[in-house]
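Convention: sequence-line order gives letters A, B, ...; per-chain numbering from 1.
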Amino acid sequence: MKNTAVAKVLQDIADLLELKGENPFKVRAYQRAARAIEHLPTEVERMVRNGGELENIPGVGQALAKKLTELVSTGRLDYYERLQAEFPEGISTLLDIPGIGPKTAMRLSSELGIKSIDDLESAIGEGKVAFLFRLGERTSDNLLHQIQALRRKDQRIPIGEALPVVEEILSALRPLPGLRNLTPAGSLRRFRESVGDIDLMGTADDAGKAIEAFVDLPQVKEVLARGSTKASVIVSGGLQVDLRLVEHERFGSLLQYFTGSKQHNIALGERGHRQGLKLSEYGITGLASGQTETFASEEAFYHRLGLQFVPPELREGQQEIALAEQDSLPGLIEVTDVKGDLHVHTSWSDGRDSIEAMASAAAVRGYRYLAITDHSAGRGIARGLNEERLRQQIAEIRELNRRLAGIRLLSGAEVDIRADGSLDLPEEVLSQLDIVIAAIHSAMGQDREKMTRRILRALDSPHVDILAHPTCRLLGEREPIMVDLEAVFLAAAAGGKALEINAMPSRLDLKDIHVFRARELGVKLIIGTDAHSTGHLDFMRFGVGVARRGWCEAEHILNTRPLAEVEAFLHS
DNA sequence: GCCGTTTTCGGCCCGACTGTTTTCAGTCG
């Protein structure tokens with residue numbers, strides 16, 4: 001049973017307990033555990049099998065540990081099933097509608113027999129909902145509106161799509177006089193792989209003027225709300241963007257509050273409470289004195305609480321607060337730490353640009369080295385290189401290295417891992433390359449056991465240095481392959497192989513929690529853009545974002561190291 | 001159901017909005 005499925009059960013239980021009117025703190029305990037398991041870098045199932053300490057998971061105590069053990073070892077949970085039996089099936093889906101909480105859901109069910117969103121929609125149509133005590137016409141209309149919005153609601157948007165849109169808006173707003181500190185908050189700032197709405201924060205001398213300029217932007221399709229300090233719009237592409245402006249001296253607490261995550265803020269608030277402090281978007285208030293201190297910067301806000309500044313990417317309510325207390329948060333990798341790209345394609349295979357063009361684009365970005373890793377001739381891969389053409393390419397790269405100053409080209413290949421785990425190019429050719437990346441591009445439907453054996457066999461080849469996009473997922477398009485990643489991590493760590501954080505926005509593979517686990521197990525990582533044109537080299541920042549969410553420092557990422565160190569790794 | 005620089009019991013983050021109310025419950029972020 002996967003962690004996402006385990007988390008879903010806990011979240012379901014939380015919903016049902018809420019419907020039941022249970023102690024809200026008990027409900028929150030289940031929600032908290034669900035979030036923790038969602039972000040857990042290790043499979044609960046594996047922990048149980050290996051006798052791991054479930055109670056080390058934040059938010060999991062004796063009772064939940066027992067339930068989790070039952071759930072993952074039998075695939076069922078008696079407590080959950082009994083709870084489900086108490087309610088009509090489907091009623092908890094009503095909670096998905098904004099505006100409906102547990103109380104309303106229960107009343108709709110008991111008073112009108114509503115068990116689904118469809119039921120609710122017809123009941124509203126028949127005018128039944130508006131007659132319920134304390135509901136009324138207005139609420140009924142709003143609910144219908146919410147149902148319709150829910151039906152056409154887009155999924156969360158991948159960060160690779162959202163970030164460019166946001167940056168366009170930011171650069172349009174930045175020149176406005178008197179507008180300062182413009183910053184995205186929320187999950188975008190935390191660099192989650194997908195985001196819902198976008199929250200922009202800032203400070204302004206004349207907030208009204210700035211709001212006006214914001215809603216007048218050409219990107220704005222629809223203005224949902226506009227006030228004196230806040231506006232909400234829909235931009236082309238359907239993304240909702242909120243802009244919120246505050247006085248300069250409160251910017252720090254505001255940004256902190258709206259960056260979240262919710263779990264992080266709850267944990268922070270609980271800690272503040274123990275210190276006799278009350279935290280809010282307006283500042284920090286002494287519970288005894290009633291005095292509120294304001295904070296112009298987040299740094300000052302965290303320091304006032306006796307904490308190291310917590311980078312947004314770490315604010316997921318895991319261990320970051322405990323570590324910030326001891327001043328021992330990692331010094332996360334920065335884009336500027338990257339010294340080269342180890343995974344790019346050229347016009348020799350399915351890339352757009354020549355080797356030389358890629359080399360100068362890399363040099364412009366300050367890189368010291370660049371690995372040319374075109375596809376092998378494997379079935380189905382566009383214009384993959386066979387043995388003969390690869391030899392020609394090696395010769396050309398040798399020639400270019402003689403001519404080019406300032407950047408070193410490594411000759412390499414992204415060699416296909418065939419269905420049986422053998423490689424698509426003969427050993428003899430691979431041995432002539434500086435760097436060999438292995439990757440799966442076919443037969444992705446294999447079962448877990450077969451797939452794992454296949455990848456382990458490829459990693460076993462003495463010539464393979466790196467496994468690229470290890471789970472082969474395409475965000476929103478293709479599910480990850482079924483593979484025992486833990487076994488892959490252990491094999492990579494033991495065999496001195498690197499795993500890739502593929503920085504293509506549609507891949508982001510490995511993903512954050514896998515990166516966290518791989519790093520924990522001592523696996524060397526690289527960030528590769530998989531660039532198919534010079535512009536794609538800029539994908540590096542997405543890979544760095546994922547690495548940061550995986551708590552990576554520069555030293556964990558091979559391509560932040562000087563060339564000599566990279567070569568030493570490749571030769572080892 | 002969790003958890004401990006006030007605690008192994010008694011707490012558990014905070015503020016705002018909305019619609020329906022004559023003082024607030026429910027919901028959200």
Side-chain angles (χ1 to χ4, degrees), chain A residues 10-11 13-37 54-68 79-80 83 94-108 129-143 145-146 185-187 190 195-199 201 225 227 229-230 232 240 242 244 246 250 253-254 256-285 287-288 290 292 305-306 317 321-322 325-326:
Chain A
L10 295 184
Q11 180 58 52
I13 292 177
D15 285 346
L16 294 171
L17 292 175
E18 209 176 8
L19 289 171
K20 200 173 172 177
E22 259 285 4
N23 176 357
F25 298 105
K26 184 168 170 178
V27 173
R28 212 179 77 191
Y30 275 93
Q31 287 169 338
R32 178 167 179 230
R35 290 293 90 72
I37 285 169
L54 293 181
E55 289 180 47
N56 290 340
I57 302 171
V60 174
Q62 240 180 19
L64 272 174
K66 194 153 166 276
K67 290 192 171 79
L68 287 172
Y79 176 70
Y80 179 40
L83 203 52
L94 295 178
L95 298 175
D96 293 340
I97 302 168
I100 294 189
K103 299 285 194 296
T104 313
M106 280 310 281
R107 288 188 53 209
L108 290 170
V129 174
F131 280 111
L132 292 187
F133 179 69
R134 254 187 178 280
L135 285 175
E137 201 69 40
R138 195 93 169 245
T139 308
S140 172
D141 286 351
N142 281 346
L143 288 179
H145 190 74
Q146 292 294 353
S187 47
R190 301 202 311 280
V195 301
D197 301 343
I198 304 293
D199 275 313
M201 306 287 144
T229 62
K230 194 197 140 179
S232 233
Q240 179 176 333
D242 295 353
R244 222 177 275 268
V246 287
R250 294 194 194 271
S253 50
L254 182 88
Q256 196 288 323
Y257 179 79
F258 280 100
T259 296
S261 68
K262 187 171 179 179
Q263 294 298 324
H264 176 81
N265 283 354
I266 288 175
L268 206 61
E270 281 174 354
R271 184 173 177 282
H273 199 81
R274 288 196 295 274
Q275 296 171 304
L277 301 170
K278 191 172 58 140
L279 278 44
S280 79
E281 57 266 51
Y282 301 107
I284 297 178
T285 309
L287 287 173
T292 301
L305 296 170
I321 293 173
E325 223 162 69
Q326 300 154 22

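- Not one N or O on the side chain of A:Arg35 forms a donor-acceptor pair closer than 3.5 Å with the backbone of A:Gly317.
- Nucleotides B:dT20 and B:dT27 are separated by 14 Å at their C1' atoms, to the nearest Å.
- Looking at A:Glu281, its side chain never comes within 3.5 Å of a backbone N or O of A:Phe258 through a donor-acceptor pair.
- Going from the C1' atom of B:dC12 to that of B:dT18 covers 27 Å, rounded to whole Å.
- The C1' atoms of B:dG15 and B:dG10 are separated by 25 Å, rounded to the nearest whole Å.
- No side-chain donor-acceptor contact under 3.5 Å links A:Thr292 to the backbone of A:Ile284.
- Across all strands, A:Leu279 comes closer than 4.0 Å only to sugar-phosphate atoms, never to a base (heavy-atom distances).
- Among residues two or more places apart in sequence or in another chain, the side-chain hydrogen bond (donor to acceptor under 3.5 Å, both in side chains) test is passed with A:Glu22 by A:Lys26.
- Within 4.0 Å of A:Arg134, counting heavy atoms only, lies at least one base atom of the nucleic acid.
- Among the atoms of the strands shown, none is found under 4.0 Å from any heavy atom of A:Pro24.
- Between A:Lys262 and A:Lys67, it is A:Lys67 whose nearest contact on DNA chain B lies nearer the 5' terminus.
- Across all non-hydrogen atoms, the minimal contact from A:Ile321 to A:Ala267 is CD1-CB, 3.6 Å.
- Contacts of A:Leu132 with the nucleic acid, taken as non-hydrogen atoms under 4.0 Å apart, are absent.
- Separating the C1' atom of B:dC3 from that of B:dT8 is a span of 9 Å, rounded to the nearest Å.
- Residue contacts for A:Ile100: at a heavy-atom cut-off of 4.0 Å it reaches the sugar-phosphate backbone alone, with no base atom in range.
- As rounded to the nearest Å, B:dG1 and B:dT5 have P atoms that lie 24 Å from one another.
- Nucleotides B:dG11 and B:dA16 place their P atoms 26 Å apart, quoted to the nearest Å.
- Pair assignment for B:dG29 gives B:dC14, based on Watson-Crick or G-U wobble hydrogen-bonding distances that are each under 3.5 Å.
- Among the protein residues, A:Glu137 comes within range of the sugar-phosphate backbone only, with heavy atoms under 4.0 Å from sugar or phosphate atoms but none that close to a base.
- Between A:Ile57 and A:His273, the residue anchored closer to the 5' end of DNA chain B is A:Ile57, taking for each the nucleotide with the nearest heavy atom.
- Nucleic acid contact for A:Asn142: sugar-phosphate only, since backbone atoms but no base atoms lie under 4.0 Å from a heavy atom of the residue.
- A:Val60 comes within 4.0 angstrom of sugar-phosphate atoms only, judged by non-hydrogen atoms across all strands, and of no base.
- Remark: the separation of the C1' atoms in B:dT21 and B:dG26 is 13 Å, to the nearest Å.
- Annotation: B:dC28 and B:dC13 have their C1' atoms spaced 14 Å apart (nearest Å).
- Heavy atoms of A:Tyr282 sit under 4.0 angstrom from primed sugar atoms or phosphate atoms, though from no base atom.
- No donor-acceptor pair closer than 3.5 Å links the side chain of A:Arg32 to the backbone N or O of A:Gln263.
- Using modelled atom types, one side-chain atom of A:Asn265 and one backbone atom of A:Tyr257 make a donor-acceptor pair closer than 3.5 Å.
- Heavy-atom contacts of chain A under 4.0 Å fall on DNA chain B between two terminal nucleotides, which in 5' to 3' order are B:dG1 to B:dG29.
- Side chain of A:Ser261 to backbone of A:His264: a donor-acceptor contact under 3.5 angstrom is found.
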